[in-house]
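Residue numbers run from 1 in the order of the sequence given. Predicted model only: the values in this text are computed from it and were never measured.
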Amino acid sequence: VQLQASGGGLVQAGGSLGLSCAGSGLTLRPYRMGWFRQAPGQEREFVAAINRSGGAPCYTDSVKGRFTISRDNAKNTVYLQINTLKPEDTAVYYCAASQNVNWRMAVGYTKWGQGTQVTVSS
């Protein structure tokens with residue numbers, strides 16, 4: 001396992017969760033890191049990304065103002081803080097590593113974590 005995602009769970013709408021993605025046997029510093037999510041029956045969707053130094057966070061429109069991506073290269077870990085959760089945020093959340101210019105697309109990522117389930121009840 002090179003990317004280990006954790007922190008998912010079952011929460012009520014309006015609640016918060018903090019997801020983590022730790023590199024195991026993989027140094028994350030050389031990679032732009034992203035979070036994607038996939039709901040049942042849907043394609044994997046870009047959520048957020050952050051550059052190698054921890055700057056230039058970028059988000060899909062539906063999560064702006066509610067999600068915050070960050071990283072700590074010293075801890076070899078990337079984070080996704082999710083606030084004001086909505087039922088439509090329910091999905092498996094994946095972290096991924098990219099060295100590709102197509103970092104808004106899943107095909108731009110070469111390394112993926114196993115995913116962590118986020119379920120939001122209304």
**Report entry** Check against side chain to side chain contact (heavy atoms under 4.5 Å, CB included), S16 and N83
**Finding:** CA-CA 4 Å; S16 298; N83 297 326; 3.0 Å; yes

Query - Criterion salt bridge (charged side-chain N to carboxylate O under 4.0 Å, His left out) on K86 and D89, from CA distance to verdict - result: CA-CA 5 Å; K86 304 176 181 180; D89 294 321; over 6 Å; no

Query - 4.5 Å side-chain heavy-atom contact, S121 and Q12 - result: yes

Query raised in the report: Is the cationic atom of R71 (NZ for Lys, CZ for Arg) positioned less than 6.0 Å from the six-membered ring centroid of Y79 and within 45 degrees of its normal?
Result: no

Query raised in the report: Any chance the side chains of T119 and Q117 put a donor and an acceptor closer than 3.5 Å?
Result: yes

**Report entry** Test item: M33 and L3 side chains (from C-beta on) under 4.5 Å apart, heavy atoms
**Finding:** yes

Report task. State whether the side chain of N76 and the backbone N or O of A22 hold a donor-acceptor pair below 3.5 Å, judged by distance alone. Result -> no

**Report entry** Stepwise side chain to side chain contact (heavy atoms under 4.5 Å, CB included) check, T68 with L80
**Finding:** CA-CA 6 Å; T68 302; L80 187 68; over 6 Å; no

Query raised in the report: Do you know which of F36, Y94, W103, Y31 makes ring-ring contact (aromatic ring centres under 6.0 Å, His included) with Y109?
Result: F36

Query - Atom CZ of R52: over 12 foreign heavy atoms under 6.0 Å - result: no

Query - Under 3.5 Å: donor-acceptor pair, side chain of S98, backbone of N100 - result: yes

Query raised in the report: Does the side chain of R104 come within less than 4.5 Å of C58's, by heavy atoms?
Result: yes

Report task. Taking the side chain as every heavy atom from C-beta outward, state whether T60 and F67 have any atom pair closer than 4.5 Å. Result -> no

